[in-house]
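Throughout, residue positions are numbered sequentially from 1 according to the sequence presented. Counting starts at 1 for both ligands and their atoms, following the listed order.
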Amino acid sequence: AKLLQRAGHFYFSRSMGVDIRERVRLMHALRSALEAKELFVVYQPQIDLATRRPVGAEALLRWKTKDGTFIAPDRFIPIAEYSGLIIEIGEQVMRVACEELVRLQALGFTDFTMSVNVSQVQFRHPRFLDTLRNVLADTGAPASRIELEITESIAMEEPDALIELLGKIKQIGVSIAIDDFGTGFSSLSYLQRLQADRLKIDRGFVTEITSSARGSSIAEMVIQLGRNLGLSVVAEGVEDDRQAQILAALGCPLAQGYLFARPMPADQLQKWLAHHAA
Ligand code: C2E
Ligand code: CA
Ligand code: CA
Ligand code: CA
């Protein structure tokens with residue numbers, strides 16, 4: 001509970017400008033949303049840039065209220081974290097994503113991977129590892145096809161405890177991706193100690209490839225870093241074909257973005273894969 005409070009405090013103080021009454025209202029709405037099943041998971045395909053075939057998907061949470069309006073994850077995830085609701089919500093996302101992976105495997109997509117976002121509040125919860133084990137056991141999802149996406153900022157506090165936890169997760173066979181890579185401040189030696197399997201190039205750097213004078217320098221650096229450390233690299237937020245071509249030329253193995261597919265519900269993903277995976 002102490003950890004939760006601390007992590008909660010972090011998010012709270014970071015957004016002091018936001019109206020507190022609005023946050024409390026959203027927190028109550030989120031609690032009933034969970035009960036009313038207004039939360040659901042969509043999936044965005046991840047693409048092999050060389051072959052342009054899907055290799056996996058990222059599970060992303062959606063909240064559609066009863067009157068049909070969507071509330072963006074960037075708005076409600078911090079509240080879920082602050083209130084502690086993220087523990088239950090995050091477990092459900094993991095469970096649903098694992099169940100979907102098992103379904104996709106049964107349809108013949110056996111090499112397909114499923115990436116699940118994990119908040120630092122979830123990650124620091126003492127039962128996180130048990131929850132992960134239970135979800136894998138209950139759903140029968142293969143650990144080797146599951147990836148957890150953690151942000152670079154997760155890595156800043158208590159590095160030794162984090163490295164130990166990541167080691168245990170990897171022992172189970174689950175992979176680790178560093179999300180929004182390049183936006184934090186972790187050192188390269190620290191990155192090496194984390195034993196991550198994959199780096200995700202933040203969308204901002206992908207956009208810069210075609211929009212800024214510095215161009216592809218940061219994306220290029222991350223791709224090179226991945227190659228040198230033997231890590232897979234995914235470029236996020238690829239929206240046009242020029243970006244995809246430049247990334248492919250730079251040797252970026254994987255990409256994700258509206259150019260290829262938007263996040264979609266499970267039934268649509270299955271149809272999409274049937275068309276694009278052959
Ligand atoms: P993220 O993990 O960095 O996810 C990528 C975001 O970029 C997603 O936004 C995705 O829909 C969006 N995106 C993908 N391709 C493109 C593109 O080509 N262009 C643009 N403009 N955007 C693109 P989304 O789904 O709104 O999620 C926002 C953030 O909320 C996520 O960022 C993640 O930090 C958090 N989030 C979403 N689902 C979960 C979840 O289940 N658990 C946790 N802990 N966090 C989640
Ligand atoms: Ca992510
Ligand atoms: Ca990201
Ligand atoms: Ca992000």
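Judged by the shortest distance from any of its heavy atoms, E81 lies outside the 4.0 Å radius around the atoms of ligand 1.
If you look at N117 next to ligand 1, the close heavy atoms, those under 4.0 Å, come from the backbone and the side chain alike. Contacts of L259 with ligand 1, taken as heavy-atom pairs under 4.0 Å, are absent altogether. Under 4.0 angstrom from ligand 1, the non-hydrogen atoms of E58 all belong to its side chain. Counting heavy atoms under 4.0 Å from ligand 1, residue R203 touches it through the side chain alone. At a heavy-atom distance under 4.0 Å, only side-chain atoms of P263, from C-beta outward, approach ligand 1.
Every atom of ligand 1 with a heavy atom of V93 under 4.0 Å away is listed here by number and element: 41 (O). Against a heavy-atom cut-off of under 4.0 Å, D180 is close to the following atoms of ligand 1: 3 (O). The atoms of ligand 1 that sit less than 4.0 Å from any heavy atom of D74 are 28 (C), 29 (C), 30 (O). In the vicinity of S119, heavy-atom distances shorter than 4.0 Å reach the ligand 1 atoms 44 (N).
Counting non-hydrogen atoms of other residues, nucleotides and ligands closer than 6.0 Å to CD of Q192 gives a total of 12 or fewer. More than 12 heavy atoms of other residues, nucleotides or ligands lie within 6.0 Å of CZ in R227, so this atom counts as buried by the packing criterion.
Of the charged side-chain nitrogens involved, at least one lies within less than 4.0 Å of a carboxylate oxygen, so that D241 and R52 count as a salt-bridged pair. Salt bridge status for E35 with R31: absent, with no side-chain N to carboxylate O gap under 4.0 Å. Salt bridge status for R95 with E99: absent, with no side-chain N to carboxylate O gap under 4.0 Å.
Of the listed options I77, V121, D179, D179 places a heavy atom closest to atom 1 (P) of ligand 1.
A single hydrophobic cluster is seen to contain both M264 and L104, as judged by linkage of ILVMFWY side chains at heavy-atom distances under 4.5 Å, directly or through other members.
Taking E38 as the reference, K66 meet the salt bridge (Lys or Arg N to Asp or Glu O under 4.0 Å) condition, with sequence neighbours excluded.
Among the atoms of Q44, some N or O lies under 3.5 angstrom from an N or O of ligand 1. Polar contact check, L61 against ligand 1: a nitrogen or oxygen pair lies under 3.5 Å apart.
With contacts defined as side-chain heavy-atom distances shorter than 4.5 Å, the pair V222/F205 does not qualify. Using a 4.5 Å heavy-atom cutoff, the side chains of R203 and T207 are in contact.
Atom NE2 of H125 is separated from atom CG of D130 by 10.5 Å, given to the nearest 0.5 angstrom.
Within the 3.5 Å criterion, the main-chain N or O of I79 finds a donor-acceptor partner in the side chain of S83.
Around the Ca ion (ligand 2), the protein atoms of type N, O or S that sit closer than 3.0 Å are E58 OE2, N117 OD1, E149 OE1, D179 OD2.
Remark: the S115 side chain and the E147 side chain contain an N/O donor-acceptor pair separated by less than 3.5 Å.
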